[in-house]
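Have a look at the structure below before the remarks.
Chain letters run A, B, ... following the sequence lines, proteins first, then strands; residues in each count from 1.
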There are 2 protein chains.
Amino acid sequence: MQTFTEENYLKTIYKLSEGSAPVSTNQLAAILNTKAASVTDMLKKLSEKKLIDYTRYYGVTLTEVGKKIAVDVVRRHRLWEYFLVEKLNFKWDEVHDMAEELEHISSTELVDRLDQFMDYPAYDPHGDPIPDKHGRIKHHEFKPISQLDVDESGVISGVREHSPPFLQYLEKLNLMLGNQIRVIEILAYDQSVVLTVNQSENKISISKEAAKNILVTS
Amino acid sequence: MQTFTEENYLKTIYKLSEGSAPVSTNQLAAILNTKAASVTDMLKKLSEKKLIDYTRYYGVTLTEVGKKIAVDVVRRHRLWEYFLVEKLNFKWDEVHDMAEELEHISSTELVDRLDQFMDYPAYDPHGDPIPDKHGRIKHHEFKPISQLDVDESGVISGVREHSPPFLQYLEKLNLMLGNQIRVIEILAYDQSVVLTVNQSENKISISKEAAKNILVTS
DNA sequence: ATAAATTATTAGACTAATCTAAATATTTAT
DNA sequence: ATAAATATTTAGATTAGTCTAATAATTTAT
């Protein structure tokens, strides 16, 4: 059994390592809103519990056991986000903080029933895949709008940034999951992208940064 | 904002004081599974925060602010219990521990949406009233079976004891909420009660203790 | 290849919540 | 009304997680 805090460290290491790259102390401190010294302390503890492989001055990766826990926290987080949006009608930019708390409710049975209640959703409200009860994750072929060429189109299927202001911005431009976009022009001097949504006449322009953070399937 | 632990103390004081009677250190220690010394420490802290009125060697009562928080924790607990039983199909003896965790999720908006989602239930799965968002509580005229006379009948509407074994026992005897019982006989030597459920032929016998813990309306 | 800059770790201290053991109040029984 | 029993509080220590300041390792730049 892990504490709330331990679960957050494991989840963050999982997300930062994207597979298996070692994660640095400072990276963790930045995301967990804490100090490097605190991170070092916690890494020692998690290492003793054999949830991570930790080499001083080098970095940290998850062990198999640690990864299992991390994936489970991610599963819980995404299922609760889905619940909040689909059942309680919250908007996609409102659910993150609540899910951060709900993800630490410990009962496995509860999460599995919730999963069943919602008919086993595969993606959360931001398009991120929801691991199943065995930790299996569906992987879609996502790519950012910034990698499309002029005249290419795609269906918005995920986002790489989850901050409420960014999500509200997308909502305002109708750049929501499921909508189809087509790239009309890529401006040479700043790589900003001009595109249309759902075949509309209306052309909208988004920055290169934004284009990197919106994921499409073709 | 209170910690998890502070909320548990306030909730327990609220339940033990049944209105406004002062609660003792040892009573709290027993229910909170902790030691009297720890309780004293926490009472000092809650007193400084003006959530309780605490007099050394005498006892503790809630302030108005403390009571508001306590009622809100109770509201959250009972709404989540209702959710677990009505939406996720848990049984009434399975939900307590999960609700103990869920009740500490802080968002007020979340609880209010949950309330709306379930269409504002008035009672939880054990017949306890669910306070509304303003802290108002519906009070029913409950009395224990032990106070009925021979030939009197009533509808089971609540329980005074929430332990899984007791709830499972009631389920086995079909003594579930909503069922009608009639007292056939009260044995003189131990006050055990013989009764029928839903007009059945079948007579069942329960101890005086059990009869005290089952609440009926007439 | 060495100095400077960056990154990470250790040392020592703090807070919240808890504990045991000792001391003190209160209540009960004679 | 006093002794014994019970209930409560204080004193001092412990654990988890965090912090700042000082130190050490590593990387980068010259």
Side-chain angles (χ1 to χ4, degrees), chain A residues 1-14 16-17 21-62 65-66 69-70 73 97 100-101 103-106, chain B residues 1-14 16-17 21-62 65-66 69-70 73 97 100-101 103-106:
Chain A
M1 194 70 285
Q2 294 68 231
T3 63
F4 190 105
T5 310
E6 286 171 350
E7 285 192 346
N8 280 336
Y9 271 84
L10 294 173
K11 180 185 68 172
T12 306
I13 294 164
Y14 175 75
L16 287 176
S17 65
V23 175
S24 78
T25 302
N26 274 355
Q27 266 181 297
L28 284 169
I31 296 208
L32 291 164
N33 276 308
T34 184
K35 296 298 150 77
S38 311
V39 173
T40 301
D41 288 344
M42 181 57 84
L43 293 183
K44 283 182 193 162
K45 187 179 160 197
L46 291 171
S47 183
E48 264 160 35
K49 287 190 164 191
K50 302 217 186 297
L51 300 175
I52 59 173
D53 290 316
Y54 168 55
T55 311
R56 286 166 70 249
Y57 289 102
Y58 168 73
V60 60
T61 55
L62 295 173
V65 178
I69 296 166
V73 176
D97 291 350
E100 285 289 297
E101 292 186 57
E103 73 188 12
H104 301 292
I105 303 294
S106 58
Chain B
M1 193 71 282
Q2 294 67 233
T3 63
F4 191 104
T5 310
E6 287 171 351
E7 286 192 346
N8 280 336
Y9 271 83
L10 294 174
K11 180 185 68 173
T12 306
I13 294 164
Y14 175 75
L16 288 177
S17 65
V23 175
S24 79
T25 303
N26 273 356
Q27 266 181 298
L28 283 168
I31 295 208
L32 291 164
N33 275 307
T34 184
K35 296 298 151 76
S38 311
V39 172
T40 301
D41 288 345
M42 181 57 83
L43 293 184
K44 281 182 194 164
K45 188 179 159 195
L46 291 172
S47 183
E48 264 161 36
K49 288 189 163 192
K50 301 218 187 296
L51 300 175
I52 60 173
D53 290 314
Y54 169 53
T55 311
R56 285 164 71 249
Y57 289 103
Y58 168 72
V60 59
T61 55
L62 295 173
V65 177
I69 295 165
V73 176
D97 292 350
E100 284 289 298
E101 291 186 58
E103 73 188 12
H104 301 292
I105 303 294
S106 58

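When heavy atoms are screened at a 4.0 angstrom cut-off, A/Phe4 is found touching no nucleic acid atom at all.
A/Glu6 is linked by a side-chain contact (heavy atoms from CB on, under 4.5 Å) to A/Gln2, A/Thr3, A/Met42, A/Lys45, A/Leu46, A/Lys49, counting only residues two or more places apart in sequence or in another chain. Legend: residues meeting side-chain hydrogen bond (donor to acceptor under 3.5 Å, both in side chains) with A/Glu7, ordered by chain and number and at least two apart, are A/Arg76, A/His104. By the side-chain contact (heavy atoms from CB on, under 4.5 Å) test, A/Asp53 pairs with A/Thr61, A/Thr63, sequence neighbours left out. In terms of the side-chain contact (heavy atoms from CB on, under 4.5 Å) criterion, residue partners of B/Tyr58 (sequence neighbours excluded) are, by chain and number, B/Pro22, B/Thr55. For A/Tyr57, there are no ring-ring contact (aromatic ring centres under 6.0 Å, His included) partners at least two apart in sequence or on another chain. Remark: B/Thr5 engages no residue in a side-chain hydrogen bond (donor to acceptor under 3.5 Å, both in side chains) (not counting sequence neighbours).
In this structure, CG of B/Leu32 is placed 8 Å from P of C/dT18, rounded to the nearest angstrom. As rounded to whole Å, 15 Å separates atom P of D/dT8 from atom NZ of B/Lys35. Rounded to whole Å, the distance from CG on A/Asn26 to P on D/dT27 is 14 Å.
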Side-chain donor-acceptor contacts of residues 31-41 of chain B below 3.5 Å, not counting sequence neighbours, with atom names and distances?
{"from": "B/Thr40", "atom 1": "OG1", "to": "B/Ala36", "atom 2": "O", "distance (Å)": "3.2"}

Once each nucleotide of nucleotides 1-6 of chain D is scored for protein heavy atoms under 4.0 Å, what B/S/- sequence comes out, 5' to 3'?
------
Walk along nucleotides 9-16 of chain D from 5' to 3' and tag each nucleotide B, S or - by protein heavy-atom contact under 4.0 Å, base first, then sugar-phosphate.
BB-----S
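A donor-acceptor pair under 3.5 Å links the side-chain atoms of A/Glu101 to the main chain of B/Ser106, judged by distance alone.
Considering only side-chain N and O atoms, A/Thr34 lies under 4.0 angstrom from the phosphate OP1 or OP2 of D/dC19.
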